[in-house]
Each structure stands twice: as C-alpha cells, then as structure tokens.
Amino acid sequence: MTTIVYGECIGLRDSTSVRISSLACQGCELETDHGAALNEGEVSLWIGAIGPFSATATCRDANHLSLRFQAPLDPAILRHFHS
C-alpha cells in the first residue's frame, strides 16, 4: 500500500493542494486536482504542516508532477510520514 500525504505546492505563479506519494529523501511524486496545473521549474513544497522544501518540478501529465528536492530530506521527516 502506498502512503499518501497531503500538502501544498507553491510555484512562481500558482499554488495548489497536492497528494504526495513515493516520498523519499531525494524527491516525490505529486498529484493535483483536475484543472489545478502547476508549471515546471522551481517550487516550494509543504508536506502537511512541515516545510517549505525547495524543489524542481517536472510535469508528467496534466495532473502529475515529479519533484526533486534541492537538499535531501532528513530521514526523521521520512520516518514521521511513513509511520
């Protein structure tokens, strides 16, 4: 079973609520609501109430993004969300 965490992704022009999956030290996958598009490039991610984390977003399709964190997440953050 995949862990889904809710958060907010803030881009240069837009911000939207996201569902975060495949959370790892180096990055994660995001799903936005239908029609809530974010652009590729530099973003800030709030994971629950923790953040912001600077990342680079790459669009996979209209509602899915892959994020690569600019600095790896602390393992304690991962343990918190994977427990």
Look up atom [atom1] in [X] and atom [atom2] in [Y], then write down how far apart they are to the nearest 0.5 Å.
{"X": "L67", "Y": "Q26", "atom1": "CG", "atom2": "CD", "answer": "12.5 Å"}
{"X": "S44", "Y": "L12", "atom1": "OG", "atom2": "CG", "answer": "9.0 Å"}
{"X": "C9", "Y": "R19", "atom1": "SG", "atom2": "CZ", "answer": "13.0 Å"}
{"X": "C25", "Y": "I77", "atom1": "SG", "atom2": "CD1", "answer": "9.0 Å"}

May I ask whether [X] and [Y] are part of the same hydrophobic cluster, defined by side-chain heavy atoms of I, L, V, M, F, W, Y residues being less than 4.5 angstrom apart, directly or through others?
{"X": "I10", "Y": "V5", "answer": "no"}
{"X": "W46", "Y": "L65", "answer": "no"}
{"X": "F69", "Y": "L30", "answer": "yes"}

Sequence neighbours excluded, which residues qualify as side chain to side chain contact (heavy atoms under 4.5 Å, CB included) partners of S66?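 Residues passing side chain to side chain contact (heavy atoms under 4.5 Å, CB included) with S66: E29, R60.
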
Please tell me if the side chains of L78 and L73 come closer than 4.5 Å, counting only heavy atoms from C-beta onward.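 They are in contact (side-chain heavy atoms under 4.5 Å apart), so the answer is yes.
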
Non-hydrogen side-chain atoms of I20 and T3 separated by less than 4.5 Å: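 Contact flag for I20/T3 side chains = no.
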
L23 backbone acceptor or donor facing H82 side chain under 3.5 Å: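 Flag set: sc H82 to bb L23 pair under 3.5 Å.
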
Output a table of donor-acceptor pairs, distance under 3.5 Å, between side-chain atoms of residues 48-59 and any protein atom two or more places apart or on a different chain; print 'none' if there are none.
residue	atom	partner	partner atom	Å
T56	OG1	E42	OE2	3.2

